[in-house]
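Here is the naming used below: chain letters follow the sequence lines, and residue numbers restart at 1 for every chain.
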Amino acid sequence: MSEQAGYVPVVGAVAEPQPAPEKSYRFSEQAIQELEEILTHYPDKKSAILPALWIAQREYDGYLPPQAIQEVADRLERPFVEVEGVATFYTMYNLRKRGRHHLEVCTCLTCAVMGAYEVVHHLEKRLGVKVGQTTSDGEFTLSEVECLNYCGAATVVQVGDKYFGNITKENVDELIETLRNSNEFTPADLANAIVRLHIPERTAKK
Amino acid sequence: MADVPMVNIKINGIALQAPQGEKVIEAARRINVDIPFFCYHPRLTMENGANCRMCLVEVATPRKNPDGSVVMAKMPKPQTACSLPVSEGMEVWTETEQVIADRRGVLEFLLINHPLDCPICDRGGECPLQNNTIHYGPPTSRFIEEKRHFPKAYPLSEYVVFDRERCIHCARCTRFTQDISGDAQLDFLFRGADMEVGTFAHTRFSSRFSGNVIELCPVGALLSRTYRFKARPWDLMTQKSICTQCSNGCNIKIDHRVSQLQRVNARVNEAVNEEWTCDRGKFGMDYVSSPDRITTPLVKRDGEFQPVTWDEINTLIIDRLQEAGAKVGGIGGTRSSNEDLYVWQKFFRQTLRVNNLDHRMGPHFRPTNSGLYARFGYHSMNNAIADLEKMKTILVFGSNLVDEQPIIYLRVRKAWRAKGAGIVEAVPRSMKTGEEANHVGEFASVRLYYRPGTEVALLHGLLNVMLYENLLSAERLGEIKNLSIVQNAVKSWAPEIAAKECGVEADAIRRAARLLATDQMAILAGETVTQHPYSEDILNALGNLAILTGNPGNINVPVTENNQQGAMDMGILPDVLPGYVGLDQPGLNTKQMLQGAVSGEIEALWISGVDLVNRFYDRDLARRALEACSFVVVTEHTLTETAQLADVVLPTQSVAERDGTFTNVERRVQRFFKAFEISPEIHPEWLIFSQLAMRMGGTAPYFSARDILREIAASVPIYQACTPRDLGDQGVRWHYPAANHTADLVGVEYRAPAAVSA
Amino acid sequence: MAETLVLLKHRDVPGIENIDIYEQHGGYAGLKKALAMERDAVINEIKTSGLRGRGGAGFPAWIKWSGIPKDTKKPHYVLCNADEGEPGTFKDRELMLKLPHMVIEGMIIAAYATQSAKGYIYIRGEFVESARSIRRAIDQAYKKGYLGKSICGKEGFDFDLYIHMGAGSYECGEESALMSSLMGERGQPRLKFPHAPLPIHEGVWQSPTLINNVETYAAASQILAHGGAWYATMGTENSKGTKIISVSGHVKKPGNYEVELGYPVLDMIELAGGVTGGKLKAVIPGGSSVPIIPAELCKDFKLDYDAHQVVQYSMRTMRLPVVGSGGFMVFNDKTDIVVLMRRTAEFYTHESCGKCTPCREGTRWIFKILSRITTGGGLPGDIDLLVNICDQIDGRSYCGLGDAAAWPIMGAIKHFRHEFEYWIEHKRSPVGEDCLPPAPEPLNPLLTLTPV
Ligand SMILES: Cc1cc2nc3c(=O)[nH]c(=O)nc-3n(C[C@H](O)[C@H](O)[C@H](O)COP(=O)(O)O)c2cc1C
Ligand code: SF4
Ligand code: FES
């Protein structure tokens with residue numbers, strides 16, 4: 001498992017509060033325009049926290065370091081910790097850097113009885129990581145997730161913005177190979193896709 | 001609350017009336033029915049509350065059948081009494097078998113992850129979780145899995161540590177920072193079983209009000225770093241007291257043990273601090289038990305201080321004072337009690353026969369020296385603190401309110417948040433805080449960050465909008481005598497021109513004017529106004545604004561120091577006796593006394609409880625004066641820089657060691673009580689003066705602060721209602737007898753700031 | 001019995017997700033009819049149809065629609081709950097993917113009936129594909145004048161529809177938590193009636209708010225197109241119309257099936273091609289929150305809102321729902337019910353928002369006990385303890401998630417107590433080795449699923 005940058009929960013004892021992370025704004029011109037458009041959808045700025053975090057997740061390589069949270073908070077004029085509270089509440093906001101492909105295997109009820117755990121165990125062996133870890137080459141992060149609500153195609157694996165259905169321990173190797181050779185379905189793609197979903201065509205650029 | 005309709009409800013079969021909208025838990029408390037709770041707090045919003053589920057009760061409400069008959073329908077689920085509003089005909093049961101089982105269930109859940117380290121927990125003994133468990137909890141737990149673990153004592157700031165294991169997620173602390181203090185520095189992170197309270201990225205919890213969460217937390221999760229492991233609650237003795245850190249006079253409790261102050265908690269006084277304290281007060285009172293306290297009289301011999309007895313020192317002082325004759329001056333007193341001050345001025349005026357007394361340290365001798373008194377019959381703060389809640393608009397002018405008056409800041413914030421008041425913040429640019437929360441700018445509807453020195457131009461601009469956009473009541477304008485003075489003065493100050501001069505936006509001036517043109521508007525002016533070279537102009541312009549909007553009684557220039565108001569009231573001023581009775585032959589003010597000391601006109605100075613060298617605006621003059629003066633007495637707690645320069649230093653008691661009264665910023669006279677004694681050799685100031693007076697002139701002695709207060713009440717008309725008995729726990733406000741609400745307008749010319757101060 | 005296709009009638013028409021093809025198949029006819037009617041007449045049509053909310057609770061739709069105040073001092077909002085998160089359910093996903101216009105049409109009708117100018121579809125973050133379909137459909141509808149100003153030429157009827165994507169939280173399907181999430185907060189529930197005004201009076205942004213499930217809006221469009229009376233001819237007395245049932249698990253042809261309400265459970269299994277890999281052991285008929293039904297009782301149950309299971313607690317008798325959200329999961333006899341419940345408990349532990357004590361602490365405790373039992377550490381008394389914990393959660397929590405976490409466990413213990421006992425006594429599965437492999441060990445013992 002490789003050490004990954006990002007949000008570090010304090011596990012050990014600490015002597016004093018930490019210094020504030022240095023601010024660094026990274027929103028691109030396009031991101032700022034998107035945020036402006038999204039702000040017109042709601043009566044107040046606070047409501048745009050979720051989409052703004054999606055933008056940040058895209059702009060910050062698929063995860064939300066403290067600087068990303070600060071940037072969102074500043075742009076929406078909200079307290080930092082409120083935005084951090086939102087970002088840590090939802091599971092799809094990545095607080096630490098993910099691999100180039102994030103394999104999210106549904107192991108909830110139907111998938112569990114249809115062999116999801118076998119898929120997970122197979123992947124653990126195959127990739128040499130445990131659930132929640134990233135391979136040392138930074139290619140894959142393996143996660144278990146709750147029901148992806150595509151139970152008709154159990155077992156389901158979400159990678160980036162795409163669902164892969166009917167995965168078994170037999171055909172999962174194939175999936176891995178496809179992904180290895182693919183530049184799509186990255187965490188940033190997922191964030192980008194979600195951001196774009198908020199933008200109506202009439203205002204969308206490009 | 002006359003306009004709130006009452007409804008009839010029953011709690012455990014007891015019929016009662018309750019105002020509509022009241023919560024069941026509050027109605028129950030009025031008839032002494034105990035409903036246990038953790039997260040409920042009357043001052044915190046409900047939206048993020050009702051989460052502990054400790055207050056579950058069974059409820060039935062009347063339901064009409066189609067045929068018109070009414071039956072009581074029991075709600076299928078138990079309801080949280082803390083959030084359920086009463087309604088007509090509602091019946092509530094708080095002691096049924098089901099409710100008892102529910103409470104056990106909730107407590108069992110709360111305890112499964114609680115470390116149960118009560119023996120080493122500061123909260124043990126005064127912990128709602130312990131208390132509720134004893135009364136309502138299960139005797140044993142069935143939980144055998146591993147508990148959740150976190151490192152202990154995670155530091156949130158230099159004042160507060162956080163024990164995450166103990167947190168029961170009641171959201172009191174997070175709601176406090178969101179609803180009350182407004183800095184929103186605590187919030188929940190993560191979710192479900194992993195949820196925890198935290199600051200952003202483990203940074204410092206830098207709120208000015210952080211100490212309050214220690215008291216709010218119903219378990220030992222948020223603890224005081226200074227008090228941690230110092231005492232068990234049942235070993236502490238508690239005494240009612242008043243915070244001395246600023247003029248607000250917050251009501252506090254001093255918890256002490258073995259003659260040492262252990263901690264400070266807030267005491268409820270709805271009119272003053274509700275139940276809050278600021279960190280300056282809560283953690284700044286430890287000077288009381290400082291090891292540096294002076295415990296005997298000291299006299300300087302060959303450049304060294306040597307301890308002496310009171311008898312010796314009194315003889316020495318009397319000798320030297322008699323030598324000096326009328327060349328004596330007294331400076332300070334803002335930290336002394338009213339009783340000390342009364343006896344002090346009496347000693348000076350009746351025994352020494354001099355009027356050289358002053359407590360003021362600034363260049364302009366505000367607030368008493370301002371024209372406000374002459375014009376309106378009051379100085380400092382005319383409104384009550386609690387009145388601010390009733391205002392439609394509050395103008396915070398030239399004040400860094402949160403630092404100058406932290407608790408008044410909380411009121412202003414409450415006026416905005418709970419009562420919907422509009423706030424206008426007008427401060428010099430240097431005080432602009434930008435996005436920083438925990439500041440008036442956070443919630444002000446209009447922010448005016450002007451170029452320093454252009455205050456009058458800004459006020460003219462505001463009046464220009466009001467007068468020429470017809471925002472003011474024509475009827476009132478018709479009654480005002482010399483309206484043309486102001487009309488002429490502001491005519492040329494159209495908002496664009498004023499905006500340019502002040503460096504603000506014209507539109508902001510317009511919006512501010514619209515908000516301010518209401519007859520429920522209060523002005524809070526701060527230190528930049530009182531210390532301004534042209535402060536008289538600014539106060540006059542503010543006065544015009546107040547008169548024209550119909551608020552002549554709402555100008556507030558709060559005094560800043562502990563008992564500064566008391567010092568004024570007790571005549572620690574060269575020109576008035578206690579109660580502002582004018583003197584024919586005024587004495588010297590602070591500056592004149594110091595200049596006199598340098599030139600030899602003053603031979604003896606008595607400095608009372610003030611570090612003059614560091615507080616007087618002209619440090620150099622203060623130093624030279626003290627060095628030149630042949631006899632300097634300082635009454636102090638510790639050897640301050642000023643005390644080092646004295647010939648004699650007398651130890652005095654702190655607020656924790658004596659009885660007395662202070663008068664706070666809104667002229668509320670409040671009692672404090674002796675908590676403990678550090679040394680019998682430390683005397684209250686009134687005793688020092690009383691003994692000297694007795695030996696010098698044979699006047700009658702005083703035996704207690706109560707006696708003196710009785711004499712004050714009898715002899716000072718404005719303190720008539722301030723007998724020890726009448727003051728009670730919550731104090732009494734006195735009112736300016738001559739407050740003049742029909743004052744006239746005065747013309748104010750704008751003087752541009754000197755080029756340097758840009 | 002066969003399917004009754006109302007909503008899904010055209011799902012296999014190629015290109016139906018495009019507005020032209022949708023219109024060719026009768027699309028937006030309902031909206032046009034609605035716009036020709038008075039607002040109250042539209043609501044009346046819904047009332048006649050007997051439509052009940054398809055999100056799980058089955059609350060009559062017309063009561064909410066007609067409850068929105070008539071004055072428009074404050075803006076009114078129409079929200080669509082597309083946060084489908086209930087394990088076993090995947091109907092909203094398919095509806096949005098294949099028939100996005102039907103959902104939008106229903107929302108526009110609702111907006112007309114409730115005088116709302118703005119609407120939001122709250123789609124769970126994972127549903128990118130479905131959301132893309134909705135996005136395209138919204139853009140098309142704007143072009144055709146079904147959204148925007150003066151819709152279909154109707155003066156004064158303006159409606160803007162926005163997408164708001166979730167970010168991974170089951171709790172946000174709960175309507176008040178959804179509103180929190182829409183307002184940019186943590187997805188925690190808000191106070192409900194009688195503690196606070198109903199959402200129809202003060203919902204999102206303190207304004208009157210109508211919130212319905214995806215399928216409810218889709219059904220509304222068909223009701224307006226074909227008439228409430230026609231819709232009411234289907235289904236049963238109290239549960240009218242059709243319902244999409246998502247069948248998954250050990251069946252030959254998993255997928256979405258639209259049937260009339262009142263459809264027998266056993267027939268449902270037949271419709272999906274029958275059980276695979278062994279004999280039928282049990283069915284969870286309406287999403288993970290509803291109690292399990294063992295094979296031998298399946299014949300007694302029909303899928304409608306009157307159907308219920310009775311569970312007896314120490315002091316109370318509870319009637320628990322059967323249809324729920326329509327997530328119909330079939331399990332063959334190789335399924336270990338205790339392990340299945342452990343997984344269910346893990347789901348609720350992970351998805352509990354943490355706001356209230358019973359749900360936050362109780363779900364985790366249940367999960368820990370079930371984990372212990374399924375790893376051979378069960379103790380006598382554990383079963384009663386589980387029942388008792390469920391009793392302490394159910395009805396005590398802030399929102400329905402606590403109840404939903406307790407019901408399946410109570411149901412499973414009621415019907416499969418012997419399997420729990422077997423695990424406790426023999427420290428192994430009653431169905432043998434090939435039941436379910438052990439769950440992966442969590443990295444952080446606190447975080448049950450993906451760590452940060
Ligand atoms: C924990 C919980 C999760 C829920 N999840 C969903 C959901 O994913 N989708 C949904 O439509 N309704 C869900 N609901 C039901 C909603 O609260 C609400 O009843 C529904 O959106 C109302 O729409 P309807 O009347 O059309 O059913 C959930 C309820 C609870 C208590
Ligand atoms: S730290 Fe204390 S006040 Fe804050 S949520 Fe936890 S128990 Fe409540
Ligand atoms: S006091 Fe009512 S829920 Fe906490």
S.K.: Using a 4.5 Å cut-off on heavy atoms from C-beta on, say whether the side chain of L110(B) contacts that of R360(C).
M.R.: yes
S.K.: Return yes when atom CZ of R319(C) has more than 12 non-hydrogen atoms of other residues, nucleotides or ligands closer than 6.0 Å, and no otherwise.
M.R.: no
S.K.: To the nearest 0.5 Å, what is the distance between CG (D382(C)) and CZ (R142(B))?
M.R.: 11.0 Å
S.K.: Does R63(B) have more than 12 heavy atoms from other residues, nucleotides or ligands lying within 6.0 Å of its CZ?
M.R.: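 Atom CZ in R63(B) is not crowded, with 12 or fewer foreign heavy atoms closer than 6.0 Å.
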S.K.: So for T61(B), is it side chain, backbone, both, or neither that comes closer than 4.5 Å to the heavy atoms of chain C?
M.R.: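 The answer is neither part of T61(B).
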S.K.: In terms of heavy-atom proximity below 4.5 Å to chain C, should M75(B) be classed as side chain, backbone, both, or neither?
M.R.: side chain
S.K.: Quick check for you: to the nearest 0.5 Å, what is the distance between N113(B) atom CG and T357(C) atom OG1?
M.R.: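 If we round to the nearest 0.5 Å, N113(B):CG and T357(C):OG1 are 11.5 Å apart.
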S.K.: Is the backbone N or O of F188(B) less than 3.5 Å from a side-chain atom of R186(C), with the two atoms forming a donor-acceptor pair by type?
M.R.: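 Answer holds: yes.
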S.K.: For the candidates I144(B), V106(B), D102(B), which exhibits the highest count of non-hydrogen atom pairs separated by less than 4.5 Å from chain C?
M.R.: D102(B)
S.K.: Out of S352(C), G377(C), C359(C), return the one with the most heavy atom pairs under 4.5 angstrom to chain B.
M.R.: S352(C)
S.K.: Above 12 or not: heavy atoms from other molecules or residues under 6.0 Å from NZ of K427(C)?
M.R.: yes
S.K.: Is it the side chain or the backbone of L84(B) that comes within 4.5 Å of chain C heavy atoms, both, or neither?
M.R.: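 Answer is both: backbone and side chain atoms of L84(B) are under 4.5 Å from chain C.
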S.K.: Any non-hydrogen side-chain atom of F367(C) less than 4.5 Å from a side-chain atom of E145(B)?
M.R.: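 Contact flag for F367(C)/E145(B) side chains = no.
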S.K.: Identify which of G395(C), G187(C), S180(C) forms the greatest number of heavy-atom pairs closer than 4.5 Å to chain B.
M.R.: G395(C)
S.K.: Can you tell me which of R53(B), Q98(B), K77(B), M195(B) forms the most heavy-atom pairs within a distance under 4.5 Å of chain C?
M.R.: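 Going by pairs under 4.5 Å, I would pick R53(B).
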S.K.: What I'd like to find out is whether the side chain of N48(B) reaches to under 4.5 Å of the side chain of K355(C), using heavy atoms alone.
M.R.: yes
S.K.: Would you please test E108(B) and W365(C) for side chain to side chain contact (heavy atoms under 4.5 Å, CB included) and show each step?
M.R.: CA-CA 11 Å; E108(B) 187 179 26; W365(C) 192 2; 3.4 Å; yes
S.K.: Compare all side-chain heavy atoms of N51(B) with those of Q188(C) and state whether any distance is below 4.5 angstrom.
M.R.: no
S.K.: Determine which residues belonging to residues 190-205 of chain C lie within contact range of chain B, meaning some heavy atom pair is under 4.5 Å apart, and list them by number or answer 'none'.
M.R.: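 Heavy-atom contacts from residues 190-205 of chain C to chain B are R190(C), L191(C), P194(C), H195(C).
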S.K.: Please classify the contact of F38(B) with chain C as side chain, backbone, both or neither, using a heavy-atom distance under 4.5 Å.
M.R.: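 F38(B) has no heavy atom closer than 4.5 Å to chain C.
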S.K.: Out of A101(B), S87(B), S83(B), which one racks up the most heavy-atom pairs below 4.5 Å with chain C?
M.R.: S83(B)
S.K.: Tell me, for L379(C) versus chain B, whether the close heavy atoms (under 4.5 Å) come from the side chain, the backbone, both or neither.
M.R.: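 Side chain only.
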S.K.: Please look at S169(C) and chain B and tell me whether the side chain, the backbone, both or neither of the residue comes under 4.5 angstrom of a heavy atom of that chain.
M.R.: both
S.K.: Can you confirm whether more than 12 heavy atoms, excluding those of Q17(B), are under 6.0 Å from its CD atom?
M.R.: yes
S.K.: Looking at G381(C), G354(C), S371(C), G362(C), which has the largest count of heavy-atom pairs under 4.5 Å with chain B?
M.R.: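 Sorted descending by pairs with chain B, the first entry is G354(C).
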S.K.: Tell me, for D403(C) versus chain B, whether the close heavy atoms (under 4.5 Å) come from the side chain, the backbone, both or neither.
M.R.: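 Side chain of D403(C) only, per the 4.5 Å heavy-atom cut-off to chain B.
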S.K.: Is there side-chain contact between R191(B) and H350(C), with at least one heavy-atom pair below 4.5 Å?
M.R.: yes
S.K.: Can you tell me how far NE2 of H114(B) sits from CD of E361(C), rounded to the nearest 0.5 angstrom?
M.R.: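 Answer for the CD-NE2 pair, E361(C) versus H114(B), is 11.0 Å.
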S.K.: For a 4.5 angstrom cut-off between non-hydrogen side-chain atoms, does F109(B) reach I393(C)?
M.R.: yes
S.K.: Decide if atom CD of E88(B) counts as having more than 12 heavy atoms of other residues, nucleotides or ligands within a radius under 6.0 Å.
M.R.: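 Atom CD in E88(B) is packed in, count exceeds 12.
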